[in-house]
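Here's the structure, in structure tokens; my notes come after.
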Amino acid sequence: QVQLVESGGGLVQAGGSLRLSCAASGSGFSINAMNWYRQAPGKLREWVATITNGGTTSYADSVKGRFTISRDNAKNTVALQMNSLKPEDTAVYFCNADITRGYRQRHWGQGTQVTVSS
């Protein structure tokens, strides 16, 4: 089994910063890429950022220039540094892992709440 645990969410004022982290635990798997998604109330879950096992990053246009994704492959962790936060960034943020464990598969964390006040 693979378990993903997010942490670092909370309440912050507009213009502030938060750093989210996600740790993957288990055995017998390798990580191909890790992703962050978010879901605001009444909206569909949307993709935020991706980092591959080679370190290549990509971002949604809505967060480009403000968010930075990073990873420590040896520890199977990923972080999302969020700067210049806006009220529209308010959402539950989910960690998602693209792994190989016999075959390629995806796993989700439980989510962590980020609330940005105006």
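- The two residues Ser118 and Ala14 come nearest to each other via the heavy atoms CA-CB, 4.4 Å.
- Screening residues 100-111 for salt bridge (Lys or Arg N to Asp or Glu O under 4.0 Å) gives Asp98-Arg104 as the qualifying pairs, with residues at least two apart or on separate chains.
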Practice task
Check the pair Val116, Val114 against side-chain contact (heavy atoms from CB on, under 4.5 Å), reporting the backbone distance first and the verdict last.
Solution key: CA-CA 7 Å; Val116 184; Val114 171; 4.2 Å; yes
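- For the atom pair CG of Asn83 and OG1 of Thr68, the computed distance is 6.5 Å after rounding to the nearest 0.5 Å.
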Practice task
Would you sort out whether Gln113 and Thr115 count as a side-chain contact (heavy atoms from CB on, under 4.5 Å), showing the intermediate values?
Solution key: CA-CA 6 Å; Gln113 177 70 48; Thr115 302; 3.3 Å; yes
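- The 12-atom threshold is not exceeded at CD of Gln13, counting heavy atoms of other residues, nucleotides or ligands nearer than 6.0 Å.
- Contact between Gly111 and Val92 at its shortest, heavy atoms only, is CA-CG1, 3.8 Å.
- Legend: residues meeting side-chain hydrogen bond (donor to acceptor under 3.5 Å, both in side chains) with Ser21, ordered by chain and number and at least two apart, are Ser7.
- No path of Ile, Leu, Val, Met, Phe, Trp and Tyr side chains, each step under 4.5 Å between heavy atoms, connects Phe94 with Val5, placing them in separate hydrophobic clusters.
- No donor-acceptor contact under 3.5 angstrom links the side chains of Asp72 and Thr77, judged on distance only.
- Qualifying salt bridge (charged side-chain N to carboxylate O under 4.0 Å, His left out) partners for Arg66, counting only residues two or more places apart in sequence or in other chains: Asp89.
- Between the side chain of Tyr59 and the backbone N or O of Ile69, at least one donor-acceptor pair lies under 3.5 Å.
- The backbone N or O of Ile51 lies less than 3.5 Å from no partner atom in the side chain of Thr57, so there is not a single donor-acceptor pair.
- In this structure, Glu6 contributes its side chain and Gln110 its backbone to a donor-acceptor pair below 3.5 Å.
- A heavy-atom distance below 4.5 Å is not found between the side chains of Tyr37 and Glu46.
- Hydrophobic clustering (side-chain heavy atoms under 4.5 Å, transitive across Ile, Leu, Val, Met, Phe, Trp, Tyr) groups Ile31 together with Val48.
- Residues Ser70 and Val78 come closest through the heavy atom pair O-CG2, 3.1 Å.
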Practice task
Could you give me the CA-CA distance, side-chain angles and deciding distance for Ser58 and Lys64, then say whether side-chain contact (heavy atoms from CB on, under 4.5 Å) is met?
Solution key: CA-CA 9 Å; Ser58 56; Lys64 197 171 299 180; over 6 Å; no
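- For the atom pair CD1 (Ile99) and CZ (Phe29), the distance works out to 5.5 Å, reported to the nearest 0.5 Å.
- Inter-residue side-chain proximity for Ser62 and Arg38 is flagged as met; some heavy-atom pair is nearer than 4.5 Å.
- Here the two rings, on Phe67 and Trp36, have centers that are 6.0 Å apart or farther.
- Closest of all the heavy-atom pairs between Leu18 and Val12 is CD1-CG1, 4.0 Å.
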Practice task
Please test Thr100 against Asn32 for side-chain hydrogen bond (donor to acceptor under 3.5 Å, both in side chains), starting from the C-alpha separation and ending with a verdict.
Solution key: CA-CA 7 Å; Thr100 297; Asn32 308 121; 3.0 Å; yes
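- At least one side-chain heavy atom of Met34 sits less than 4.5 Å from a side-chain heavy atom of Cys95.
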Practice task
With side-chain contact (heavy atoms from CB on, under 4.5 Å) as the test, would you mind laying out the steps for Ser17 and Met82 before giving the verdict?
Solution key: CA-CA 5 Å; Ser17 298; Met82 305 185 296; over 6 Å; no
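- You'll find the side chain of Leu80 stays beyond 4.5 Å of the side chain of Arg19, heavy atoms only.
- Judged by the 6.0 Å and 45° rule, Arg45 forms a cation-pi pair with Trp108.
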